[in-house]
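These notes concern the structure reproduced below.
Throughout, protein chains are lettered first and strands after them, A, B, ... in sequence-line order, and every chain is numbered starting at 1.
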Amino acid sequence: MSVLQRQKQELISALETAVSAAISSGKLQVESVPEIGLEIPRDKGHGDFASNIALVMARSARKPPREVAQIILEHLPQGGIIREVEVAGPGFINFFLSNEWLYDTLRTVEMQGEAYGNCLHGAGEKVLLEFVSANPVGPMNVVNARAAAVGDTLARLLRAVGYQVDTEFYVNDAGNQADVFARSLEARYQQLINPDHPFPEDGYPGAYVTELARVLREERPDLLDLPYDERIAFCKRWGTDSMVELQKADLKAYGVEFDLWFRERDLHAAGALEAAIDLLRQKGLVYEQEGALWFRSTAFGDDKDRVIVKSDGTYTYVTADIAYHYNKLERGFEKLINIWGPDHHGYIARMKAAIQALGYSEDTLEVLILQYVALLRDGQPVKMSKRAGEFITMQDLVEEVGKDAARFFFLHRSPESHLDFDMTLAVEQSSENPVFYVQYAHARISSVLRQAGEMGIAIPTCSEVDLSLLQHESELDLLKQLAALPEELLSAALLREPHRLTRYALDLAGLFHSFYGYCHILGEEAPLRDARLVLVSNIRTVLRKVLGLLGVSAPEQM
RNA sequence: GCGCCUGUAGCUCAGGGGAUAGAGCAUCGGACUUCUAAUCCGAGUGUCGCAGGUUCGAUUCCUGCCAGGCGCGCCA
């Protein structure tokens, strides 16, 4: 339990005691006592904590809320950490506390270091987080970049709150698109020898295919000796493998590494699709119609049944995906989280149906739908056409705006918001970029600590200083922000909203910059100086921790 | 037609059953002989898309409508 939670619990207990006392004294008459809510008011003038209990009880007590509040207040235990209590507004009970709990927070941060804020909420539950899973037939796009940032940070968040998380990238290297890609690659290879060689009508026009063909020719100058079918098969395998390597490199440069790159073709090779179909058949959930084999997904709430074996005997995408998810479940994961693009939302119902058909609860699969990214330049939408081979790739984006800025920007918005990403602004206003604001706070603290070292001042620990000297409003605000981390982290993880973390970091950095403007550190008398050194050094710890979760670097100087 | 997402300040977006709805950008003033001015301090702006409903209280929850984006394949 964090310092903040403990503090809240203490006040709630006090309120419970007061309400009981008021009832037994006969001043309050209610059928039942509601759960007591306690919040940190937005407005500092409303105290450190506030409860709306009187407002909630007013009706059943048949008294005006303010009167109820006053009665409760009169029965509240006196003294202790409560410095002042008041009835305010429509009937809130506002608590003003002594600062001791804030100093305790600082001690906790010091003790726990970058583990501060973590908890065991997940109790080691095994979670598989699958994201990006871009087809290995072309460069990744900006939605992939958004998914990579969100997925990676979500994985880090879930681990921080006690889940055992594996991340996975599903490589769709066995479908139609892979075939088209193989034929495109083969044609480009042919064209290196004979420029008039025809290019498939539905082929991928991007220049990257031609570049890949050149590499292939270096590696396999004898490719044309193979019969056509074998040549295509080779191109498919070699080509998708090459694309996977490129994707891996791009993602690594972006700070994202997966625990496993799962090949669809391995499912095929292992007969996993047939096995999944057999299982569904045994359960009586498939039937033949019009020469195709159908999965009765409507039995589990889907709006229509789905073909799993086409009339030509080949499988559909969903067949492989059912086999893949079955594989995940058999590996012992208790929770499957997938991050998909908005074009896949219609796909959720059938996959949830499949999960249930396989014998698992519908809630085992959780799908997060990320909304689109509209890329802008100078405020104008960037026209992108895959056909014309014109698009901004994830690699372009990362090169242009940088890993830290790109990740921070994507993690700044809530996942379900459609977002505009103006590359011109991201680059031109780089000095105004929010990511620098946070990084600068870290660098500033580092600089102060560095100079303290040069002056021969050791960075003290909490036990060596008088923390009660930290009295300035900006200092107390900073301590409150530090106290808030555990709750913020947990809700960001449980709500799957990494952007809460970004805001937290911005708020913390803002409070620090403000403090920095009001308060000096190294120039102060030793006791105050030392207390402030402890303060900023622990702020730095938390900044590092949060930036680490965001996958953004924490520079010592800028 | 059905489904998903969005609609909050000039712009990009947070927030959220409660007290006077926020931040950044942009605009306008101030602050570097003192720990990094990539910073700070101060200033203005809102029918929270519209209409009903639930509630002591709705911008937040529910329903309907309007607007924008995206999906509804024996494609992946």
I want to know whether A/His46 and A/Phe92 have ring centres closer than 6.0 Å.
no

A/Arg529 side chain near B/C35 phosphate (N/O to OP1/OP2, under 4.0 Å):
no

Mate of B/C35 where both pairing distances stay under 3.5 Å, Watson-Crick or G-U
none

Taking a pair as Watson-Crick or G-U wobble with both distances under 3.5 Å, which nucleotide is matched to B/U20?
none

Once you apply a heavy-atom cut-off of 4.0 Å, does A/Ala374 come out as touching a base, just sugar-phosphate, or nothing?
nothing

The test is salt bridge (charged side-chain N to carboxylate O under 4.0 Å, His left out); show your working for A/Glu487 and A/Lys8 and say whether it passes.
CA-CA 12 Å; A/Glu487 277 193 0; A/Lys8 276 187 169 178; 3.2 Å; yes

Complementary nucleotide for B/U54 - Watson-Crick or wobble, under 3.5 Å
none

Tell me which nucleotide among B/U20, B/A14, B/C35 gets nearest to the side chain of A/Tyr516.
B/C35

Distance-only side-chain donor-acceptor flag, A/Glu130 / A/Ser133, under 3.5 Å:
yes

Base, sugar-phosphate alone, or nothing: which one does A/Tyr347 contact when heavy atoms must sit under 4.0 Å apart?
base

Nucleotide nearest A/Pro342 (side chain, heavy atoms from C-beta), chosen from B/G68, B/C70, B/G15:
B/C70

Report the base-pairing partner of B/C2 (Watson-Crick or G-U wobble, both distances below 3.5 angstrom), or none.
B/G71

Are B/A19 and A/His46 stacked, with the base six-membered ring and the side-chain ring centres under 5.5 Å apart and planes under 30°?
yes

So which one's nearest nucleotide on RNA chain B is more toward 5', A/Phe409 or A/Cys519?
A/Phe409

For A/Ala50, which contact category applies under a 4.0 Å heavy-atom criterion: base, sugar-phosphate, or nothing?
base

Under 4.0 Å between any heavy atoms, over every strand shown, what does A/Thr316 touch: base, sugar-phosphate, or nothing? Just pick one.
sugar-phosphate

Looking only at atom C1', what distance separates B/G69 and B/A9, rounded to whole Å?
23 Å

Where the side chain of A/Trp294 is defined as all heavy atoms beyond and including C-beta, which of B/U6, B/C13, B/C74 is the nearest nucleotide?
B/C74

Quick note, A/Glu497 side chain, CB onward, closest among B/C70, B/A19, B/G15 is B/G15

Whole-angstrom distance between B/U8 and B/U47, as gauged at atom P
11 Å

For a quick check of understanding: with a heavy-atom distance under 4.0 Å over all strands, which category does A/Gln439 fall into, base, sugar-phosphate or nothing?
nothing

Students often get this wrong, so: under 4.0 angstrom with heavy atoms, is A/Thr314 touching a base, only sugar-phosphate, or nothing?
nothing

What's A/Ser514 touching, base or sugar-phosphate or nothing? Going by heavy atoms closer than 4.0 Å.
sugar-phosphate

A/Val307 side-chain proximity, nearest of B/A19, B/C74, B/G69:
B/C74

Between B/A19 and A/Asn94, counting only base atoms on the nucleotide and side-chain atoms on the residue, is there a donor-acceptor pair under 3.5 Å?
yes

Under a 3.5 Å cut-off for both distances, is B/U59 Watson-Crick or wobble paired, and to whom?
none

Do A/Asp422 and A/Arg377 sit within salt-bridge range, that is, some charged N less than 4.0 Å from a carboxylate O?
no

Taking only side-chain N and O atoms of A/Ser417, does any of them lie within less than 4.0 angstrom of OP1 or OP2 on B/A14?
yes

Could you check which nucleotide pairs with B/C65 in any of the strands shown, counting Watson-Crick or G-U wobble with both distances under 3.5 Å?
B/G49

Among the nucleotides B/C13, B/C5, B/C35, whichever has the atom closest to the side chain of A/Ile521 is B/C35

Test: A/Asp241 and A/Arg265 ion pair at under 4.0 Å:
yes

Counting the atoms with a prime plus P, OP1 and OP2 as sugar-phosphate, which does A/Arg66 contact under 4.0 Å by heavy atoms, base, sugar-phosphate, or nothing?
nothing

Centroid separation A/Tyr317 to A/Tyr347 less than 6.0 Å:
yes

Is the phosphate of B/A23, meaning OP1 or OP2, less than 4.0 Å from a side-chain N or O of A/His412?
no

Using the P atoms only, state how far B/U63 lies from B/A19, rounded to an integer number of Å.
24 Å

Would you please confirm or rule out a distance under 4.0 Å between OP1 or OP2 of B/G73 and any side-chain N or O of A/Lys304?
yes

Kindly compute the distance separating CG (A/Leu522) from CD (A/Gln451), expressed to the nearest 0.5 Å.
6.5 Å

So, do A/Phe131 and A/Phe258 have ring centers that fall under 6.0 Å from each other?
yes

By nearest-heavy-atom nucleotide on RNA chain B, the more 5' of A/Tyr317 and A/Leu522 is A/Leu522

Do the ring centers of A/Phe262 and A/Phe169 come within less than 6.0 Å of each other?
no

Applying a 4.0 Å non-hydrogen cut-off, can you work out what A/Phe92 is touching in the nucleic acid: base, sugar-phosphate, or nothing?
base

Looking across every strand, which nucleic acid part, if any, lies under 4.0 Å from A/His513 by heavy atom: base, sugar-phosphate, or nothing?
sugar-phosphate

Classified by glycosidic angle (syn within 90° of 0, else anti), B/C32 comes out syn

Can you find an N or O donor on one side and an acceptor on the other, under 3.5 Å apart, linking the side chain of A/His345 with the base of B/G71?
no

Does A/Tyr437 put a side-chain nitrogen or oxygen below 4.0 Å from OP1 or OP2 of B/C40?
yes

Would you say B/A21 has OP1 or OP2 under 4.0 Å from some side-chain N or O of A/Arg42?
no

Given B/A76, B/G68, B/A14, which nucleotide is nearest the side-chain atoms of A/Lys310?
B/A76

How far, in whole Å, is B/G49 from B/C41 if one measures between their C1' atoms?
36 Å

Looking for any heavy atom pair under 4.0 Å, which part of the strands does A/Asp420 touch: base, sugar-phosphate only, or nothing?
sugar-phosphate

Under 4.0 Å between any heavy atoms, over every strand shown, what does A/Ile308 touch: base, sugar-phosphate, or nothing? Just pick one.
nothing

May I ask you to say what A/Ala88 touches in the nucleic acid, namely base, sugar-phosphate or nothing, with a heavy-atom cut-off under 4.0 Å?
base

Which nucleotide wins on minimum distance to the side chain of A/Asn176, given the candidates B/C75, B/A14, B/C35?
B/C75

Looking only at side-chain N and O atoms, does A/Lys44 come under 4.0 Å of OP1 or OP2 in B/A19?
no

Assign A/Ala292 to base, sugar-phosphate, or nothing according to its heavy-atom contacts below 4.0 angstrom with the strands shown.
base

